[in-house]
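Below is one structure, written out as structure tokens, with a few remarks after it.
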Amino acid sequence: MESGLRAGDRGGQRLLRWLGIHRSLTAFVFAFIIMAVFFLYIYVLTINGEFNAQLVSDLLPAFFAGLQLTLILTAAGFTIGILLGFLTAAARVSRSRILRAVAKGYVDVFRGTPILVQILLWLTVILAIIPTYQYRLLVAGFLALTINTGAYQAEIFRGGMKAIQEGQLEAGRGIGFTRWQLMRRIQLPQTLRLIIPPMTNEFILLLKSSALLSIIGVVELAFVAGQCTVVHFLPFECWTTGTLLYLAMTVPLAKVVQFTETRFRIPGLGLPVARPRVGRAAPPAPTGRAQMAGQALTRRANGLYLFLRKRMESTRG
Amino acid sequence: MSASRGAIRAETLHKSFGDLHVLRGVSLTVDKGEVLVILGPSGGGKSTLLRCLNLLVYPDSGQVWVDGVLTTDPRVRPEWVREQVGMVFQSFNLFTHLRAIDNVTLGLRRVKKVPAEEAADVGTRLLERVGLGDKLREFPANLSGGQQQRVAIARTLALNPKVVLFDEPTSALDPEFISEVLDVMTSLAREGMTMVVVTHEMGFAKGVGDHILFLADGEVLEEGPARDLIDHPQRARTRAFMSKILG
């Protein structure tokens, strides 16, 4: 269970625990941030004049159409990405050196380049192959998203499979399982549970990346918001609507997944949702309040650092 | 060299991992219903020897017979061999995502294709036999080490193996749980199961073991009836090991 990868998670947990302990302070800070953002918004609104609600309600059908396309592209790309990711992860641990090399090359290329560049490259390729096809932009965009998420998901699968103890696989072979049975009965059921959180993360990242398809003219949500700006000269209304619609997709999704994760949790597999404060090293002998406070501060800073680094690593470059 | 004698029999096994020559021509025979205990310093090849017996590791050369069948023949499916020769591991290796009963019945259902209900009956009976009739629905993480190891023994027995291999089954246990596992193993031996046991539990070796094989540096240094070998080891190396382990 203990791997280097978990260090960031521990930092995050430590941060959350710290926030929990200093509840009143946390509440105060959050309240302050929210108020600051709210006032900033109001300020911009006053510069902008009044919020043109009529425009927004008139354009809502167009926005919804964009949202629909965003969702379809993301969901379809993600689903095919699961298959692609699983096969790639399987290829990476296969016995064939060629398969391993191909899989690694695929992951390296598509994780190592900006998705914006990938989108433009796919567009170029598609325009060369089917220049007159009605849905050429959509095809290029869809390909870009799918192939990109496949590479990321391959790494998620690989990590999830590696997290299964070698001993369990040996025990599986010990009761006469074939390679396929090991995968199907022992690895996958555990891996799939372990990767729910990183897969959710990937879905949300993909959904947000789909906004980049607007630059090649795919009429998804960000494109609609952009058009709204250009046509009606009301960027504030247009982008506010777009923002809220993106939030309307991502926030409930995170909730649903959190529920799923709890629902399918198994004792001893993966990280507990909330861990009681046990098993932690005893605090050093009190040698003075100032010193203890200093140590506590170091611990918190350390936790926060790991937490932030983990987050940064998981966002795409 | 008659292949028919013995429930399990190995002849001049060699195995190397890279430059490391782990087994250097090990032979052994275990008769039906007999308990062979393998002793020796760590790194001496004990675990590798066990894994060669059920082909979790393929020997580089040498033969293994199980119940008269030459299992190292490339035409024999290794999965079939592992069905015949069960194994209990030092770190239990229970399937984390399955309840105790499902850990036991998984092999029955998926390897032997026994219908679920019938498998559940067998599983329940086996778990009751190892004293865990009240823990059928528990996940491994909620069981103590001793309980986990007993589930692992039941899981192995479910496939009705001809031989069971034990790889230091009590080494990972807290002292308070060792006896419950040894008790299960003892009763299993009394019921006539053929067993090959790697252990440092001298009480068990002496009381339950029929034969002892002392393995060091990949070679059999000494072998013989359990009592003789523990009380009167002949070689200096064996003597040194015994006095160290018996304190």
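Every chain is numbered from 1, with letters handed out A, B, ... down the list of sequences.
- Only the backbone of Leu94(B) comes within contact range of chain A, with heavy atoms under 4.5 Å apart.
- With respect to chain B, the highest number of heavy-atom pairs below 4.5 Å among Arg193(A), Glu166(A), Gln190(A) belongs to Gln190(A).
- Residue-level contacts of residues 174-188 of chain A with chain B, in order of numbering, are Gly174(A), Ile175(A), Gly176(A), Phe177(A), Thr178(A), Gln181(A), Arg185(A), Ile186(A); threshold 4.5 Å between heavy atoms.
- For Glu155(A) and Arg92(A), the salt-bridge test passes: some basic side-chain N is under 4.0 Å from an acidic carboxylate O.
- With respect to Asp67(B) and Lys32(B), a salt bridge is recorded, a charged nitrogen being found less than 4.0 Å from a carboxylate O.
- With sequence neighbours left out, Arg263(A) forms a salt bridge (Lys or Arg N to Asp or Glu O under 4.0 Å) with no residue at all.
- In this model, no donor atom of one side chain and acceptor atom of the other lie less than 3.5 Å apart for Gln149(B) and Thr170(B).
- With Asn54(B) as the partner, the side chain to side chain contact (heavy atoms under 4.5 Å, CB included) test is satisfied by one option alone out of Val163(B), Val196(B), Val66(B), Leu165(B): Leu165(B).
- The candidate with the highest count of non-hydrogen atom pairs below 4.5 Å against chain A, out of Leu55(B), Leu56(B), Leu98(B), is Leu56(B).
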(request) Quick one: do Leu70(B) and Val76(B) satisfy side-chain contact (heavy atoms from CB on, under 4.5 Å)? Show the steps, please. (result) CA-CA 8 Å; Leu70(B) 180 65; Val76(B) 175; over 6 Å; no
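- By the neighbour-count criterion of 12 heavy atoms within 6.0 Å, atom CD1 of Ile98(A) is sparsely surrounded, having that number or fewer from other residues, nucleotides or ligands.
- Using a 4.5 Å cut-off between heavy atoms, Phe89(B) contacts chain A through its side chain alone, with no backbone atom that close.
- A salt bridge does not link Glu118(B) with Lys112(B): every distance from a Lys NZ or Arg NE/NH1/NH2 to an Asp or Glu carboxylate oxygen is 4.0 Å or more.
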